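Quick notes on the structure that follows.
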Protein chains: 2
Amino acid sequence: MIYSSELIKGTLKTIILKLLADNKRMYGYEITQKVKELTSEKIQITEGALYPTLHALEDSGLVTTETEYIGKRVRKYYSLSADGKTKAREKVSELSDFMETMKFLLDLKPQGI
Amino acid sequence: MIYSSELIKGTLKTIILKLLADNKRMYGYEITQKVKELTSEKIQITEGALYPTLHALEDSGLVTTETEYIGKRVRKYYSLSADGKTKAREKVSELSDFMETMKFLLDLKPQGI
DNA sequence: AATAATACATAACATTCTTATGCATTATAC
DNA sequence: GTATAATGCATAAGAATGTTATGTATTATT
């Protein structure tokens, strides 16, 4: 089962920042594969979502990049900047809090029925 | 603290379906207040998001409506249809599952650092 | 030799939320 | 008593962000 795409909206940036916080540096394709692996294929990040998000993180100074060649094939590695590390902590914390709230909402028992 | 709006994206329909599953019938304004109350004001549903969503649920046959007058003021009550009840269970279940997955992702310990 | 996987990128389109606006009734505070 | 806040609905322009499709190229596998 793959989660409906709408569910992933709004969490993508946080997922990426969290992975980069844990792994020092990663390249785009690697991120998609890591997320797929860690979630038993339930979250599949599409390239059309991934690359614009990475570029936005770069534009806002949260990540820095290094380009490397593996043979003739290019790889662009992303790493968190100092700001990015702070932002990663904030976003992860916010999402954890949000999930606690949602868990509470979803576990509510039926009321005036 | 109010959650960043992007976080709520994708969960709004599920929240509404869950509330309707628990409460037999509710009207729009009541839903916004209930969510605000249950989440200690951390989730505030705006009218511009709420009403289009309710209308979409109605158009897809997941809810039925009854209009009532309180004095001269109109209220539109929403109730789950049979399909809506099924859908509510599905969406709540999917979101619970998704949150477990996200919790796992966010709780991961740093790796190759 | 053909196909799949790796690896980047962008663009048209769709969806969905924000922000603003509009209208109207009822309760509250000054 | 009247101005403001709260209640209650609705829609529309614009922004944000994801989907789907496309493009290019290298390397591994069948």
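A, B, ... follow the sequence lines: proteins, then strands. Residue 1 opens every chain. Keep in mind it's a predicted model, so treat the numbers as computed, not measured.
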### Message
Below the 4.0 Å mark, does C:dC8 have OP1 or OP2 next to a side-chain nitrogen or oxygen of A:Y51?
### Response
yes
### Message
In this structure, how many angstroms lie between the C1' atom of D:dG18 and the CD1 atom of A:I2, rounded?
### Response
15 Å
### Query
How long is the line joining CZ of A:R25 and C1' of C:dA7, in whole Å?
15 Å
### Test item: A:K42 and A:M1 side chains (from C-beta on) under 4.5 Å apart, heavy atoms
yes
### Side chains of A:T11 and A:I43 in contact at under 4.5 Å (non-hydrogen atoms)
no
#### Entry: Euclidean distance, atom CD1 of residue A:I43 to atom P of D:dG18 [Å, nearest integer]
13 Å
#### Entry: Heavy-atom side-chain proximity of B:M102 to A:I15 below 4.5 angstrom
yes
### Message
Nearest whole Å is fine: how far is C:dA5 C1' from A:Y27 OH?
### Response
11 Å
### Task
Whole angstrom is fine here: how far is it from CG in A:D59 over to P in C:dA9?
12 Å
### Message
Measuring only between side-chain heavy atoms, which start at C-beta, is A:L7 closer than 4.5 Å to B:L95?
### Response
yes
### Below 4.0 Å: OP1/OP2 of D:dC9 and any side-chain N or O of B:H55
no
### Query
What is the per-nucleotide protein-contact pattern of nucleotides 12-26 of chain C, from the 5' end, where B denotes a base atom under 4.0 Å from a protein heavy atom, S denotes such proximity for sugar-phosphate atoms only, and - denotes neither?
----SSBB-----BS
### Task
Test side chain to side chain contact (heavy atoms under 4.5 Å, CB included) on A:D83 and A:K87 and set out the steps.
CA-CA 6 Å; A:D83 279 359; A:K87 192 71 167 183; 6.0 Å; no
### Task
Could you state the atom-to-atom distance from CD1 of A:I15 to P of D:dT17 in whole Å?
15 Å
### Query
What's the CG-C1' distance between B:L54 and D:dG8, to the nearest Å?
12 Å
### Task
Give a yes or no on whether A:Y3 and B:F104 share a hydrophobic cluster (residues Ile, Leu, Val, Met, Phe, Trp, Tyr; joining criterion: side-chain heavy atoms under 4.5 Å apart).
yes
#### Entry: Length of the CD-C1' vector between A:E58 and C:dA9, whole Å
13 Å
